[in-house]
Amino acid sequence: MNDVIKKEQQINFPMEEVWKAIATAEEISTWFIQADFKAEVGYEYTFTHEETKITGQVLEASPFHTLIYTWIVGGTGVETTVKWNLEENETGTFLTLEHSGISGYPTKEMATNMFSSFSKGWESCIVNLDKYLTKQNVS
């Protein structure tokens, strides 16, 4: 099974704005998921959505380029890794998101289901991020 989800998106906003949206609790909570998060190495964060808690630890935070953290869905005990990479270009920011380690789930069926769920979730996440940034810049 494929172990890495990779999503790429051109976002027509400066890297600093994209970074702030993916790296601060207030903004993450607005466009993505309720967050207790700081882009500081070692910070143990919690994302909460309805009955689901996602926890992890920030592994790397290099403003405005790279953010890496572990990702543990409550009740699974399986640690995966999420990496955001931002590259400045002539029209804004090229975003690459990678979620890896999904084959670490205990059964092939569970890993396949989680891969599918995460893939759809990240697709929606990136769309929501772009919409959020557009709305923020219309004001």
Side-chain angles (χ1 to χ4, degrees):
M1 102 160 257
N2 191 348
D3 190 53
V4 180
I5 295 166
K6 185 174 184 178
K7 305 290 182 184
E8 297 177 320
Q9 179 73 34
Q10 174 63 40
I11 298 182
N12 297 326
F13 295 98
M15 283 175 38
E16 293 83 358
E17 288 183 41
V18 179
W19 175 264
K20 189 175 173 194
I22 67 168
T24 59
E26 181 181 349
E27 294 203 29
I28 295 166
S29 297
T30 302
W31 65 269
F32 180 39
I33 194 169
Q34 188 60 42
D36 169 9
F37 187 89
K38 291 183 184 172
E40 298 172 3
V41 173
Y43 190 81
E44 294 183 4
Y45 75 88
T46 303
F47 291 157
T48 307
H49 177 69
E50 297 172 0
E51 300 298 314
T52 304
K53 278 198 180 206
I54 298 157
T55 59
Q57 185 174 52
V58 177
L59 303 176
E60 182 180 337
S62 302
F64 302 100
H65 301 279
T66 305
L67 179 61
I68 303 172
Y69 45 85
T70 59
W71 179 276
I72 304 166
V73 176
T76 67
V78 176
E79 182 178 286
T80 58
T81 303
V82 173
K83 176 181 180 182
W84 298 84
N85 190 61
L86 308 178
E87 292 179 42
E88 187 174 37
N89 60 31
E90 62 281 346
T91 58
T93 306
F94 189 76
L95 178 146
T96 304
L97 172 96
E98 292 183 4
H99 190 161
S100 60
I102 301 162
S103 64
Y105 280 92
T107 66
K108 185 175 181 179
E109 180 182 7
M110 187 177 189
T112 300
N113 290 342
M114 294 304 269
F115 187 92
S116 176
S117 175
F118 290 151
S119 185
K120 289 175 191 166
W122 288 123
E123 192 70 40
S124 174
C125 172
I126 291 173
V127 168
N128 289 340
L129 172 61
D130 201 21
K131 285 180 184 176
Y132 170 76
L133 289 166
T134 300
K135 186 177 177 184
Q136 291 299 104
N137 285 279
V138 169
S139 326

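Values below: every heavy atom of this structure, side chains too, minus hydrogens, waters and symmetry copies.
- Applying the salt bridge (charged side-chain N to carboxylate O under 4.0 Å, His left out) rule to pairs touching residues 26-44 yields K20-E27, sequence neighbours excluded.
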* In sequence, state the C-alpha distance, the side-chain angles, and the governing distance for I33 and I28, and then conclude on side chain to side chain contact (heavy atoms under 4.5 Å, CB included). => CA-CA 6 Å; I33 194 169; I28 295 166; 4.3 Å; yes
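- With sequence neighbours excluded, no residue satisfies side-chain hydrogen bond (donor to acceptor under 3.5 Å, both in side chains) with N128.
- Across all non-hydrogen atoms, the minimal contact from Q34 to S29 is NE2-OG, 3.6 Å.
- Residues satisfying the side chain to side chain contact (heavy atoms under 4.5 Å, CB included) test with A23, not counting sequence neighbours, are W19, A39, L67.
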* S62/E60 under side-chain hydrogen bond (donor to acceptor under 3.5 Å, both in side chains): CA gap, chis, key distance, verdict -> CA-CA 6 Å; S62 302; E60 182 180 337; 3.2 Å; yes
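- Listed by chain and number, the residues in a salt bridge (charged side-chain N to carboxylate O under 4.0 Å, His left out) with E8 are K6 (sequence neighbours excluded).
- Across every non-hydrogen atom of A25 and A35, the tightest pair is CB-O, 3.5 Å.
- With sequence neighbours left out, the side chain to side chain contact (heavy atoms under 4.5 Å, CB included) criterion links P14 to E16, E17.
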* Derivation of the side chain to side chain contact (heavy atoms under 4.5 Å, CB included) call for W31 and V127 -> CA-CA 10 Å; W31 65 269; V127 168; over 6 Å; no
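- For the atom pair K135 NZ and T30 OG1, the distance stands at 9.0 Å (nearest 0.5 Å).
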* Asked: Hey, mind stepping through S103 and D3 against side-chain hydrogen bond (donor to acceptor under 3.5 Å, both in side chains) and telling me if it holds?
  -> CA-CA 5 Å; S103 64; D3 190 53; 2.7 Å; yes
Let me have the donor-acceptor pairs involving side chains of residues 46-58, under 3.5 Å, with sequence neighbours excluded, atom names and distances please.
{"unit_1": "Q57", "atom_1": "NE2", "unit_2": "G42", "atom_2": "O", "d": "3.2"}

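- Not counting sequence neighbours, the partners of K7 by the side-chain hydrogen bond (donor to acceptor under 3.5 Å, both in side chains) test are S119, E123.
- Separating the CG atom in L95 from the CG atom in N85 is a distance of 8.0 Å, to the nearest 0.5 Å.
- A single hydrophobic cluster is not seen to contain both Y45 and I68; linkage of ILVMFWY side chains at heavy-atom distances under 4.5 Å, directly or through other members, places them apart.
- Rounded to the nearest 0.5 Å, atoms SG (C125) and OH (Y132) are 13.0 Å apart.
- Note that CD1 of I11 and CD1 of I126 are 7.0 Å apart. Values are rounded to the nearest 0.5 Å.
- For the side chain to side chain contact (heavy atoms under 4.5 Å, CB included) test, residues two or more places apart in sequence or in another chain that qualify with N113 are E109.
- There is no path of hydrophobic side-chain contacts, each under 4.5 Å, that joins F37 to V41.
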In residues 72-84, what donor-acceptor pairs under 3.5 Å come from side-chain atoms, sequence neighbours left out?
{"unit_1": "T76", "atom_1": "OG1", "unit_2": "V73", "atom_2": "O", "d": "2.7"}
{"unit_1": "T76", "atom_1": "OG1", "unit_2": "V78", "atom_2": "N", "d": "3.3"}
{"unit_1": "T80", "atom_1": "OG1", "unit_2": "W71", "atom_2": "O", "d": "3.0"}
{"unit_1": "T80", "atom_1": "OG1", "unit_2": "H99", "atom_2": "NE2", "d": "2.7"}
{"unit_1": "W84", "atom_1": "NE1", "unit_2": "Y69", "atom_2": "OH", "d": "2.9"}

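- Of all heavy-atom pairs between T93 and L86, the closest is CG2-CB, 3.8 Å.
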* **Test side chain to side chain contact (heavy atoms under 4.5 Å, CB included) applied to F115 and I5, step by step** => CA-CA 7 Å; F115 187 92; I5 295 166; 3.4 Å; yes
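- Under the side-chain hydrogen bond (donor to acceptor under 3.5 Å, both in side chains) criterion, T24 pairs with no residue at all, not counting sequence neighbours.
- Partners of F13 under the ring-ring contact (aromatic ring centres under 6.0 Å, His included) rule, at least two apart in sequence or in another chain, do not exist in this structure.
- Between F118 and I102, the closest side-chain pair of non-hydrogen atoms falls below 4.5 Å.
- Residues that satisfy the side-chain hydrogen bond (donor to acceptor under 3.5 Å, both in side chains) test with S124, not counting sequence neighbours, are absent from this structure.
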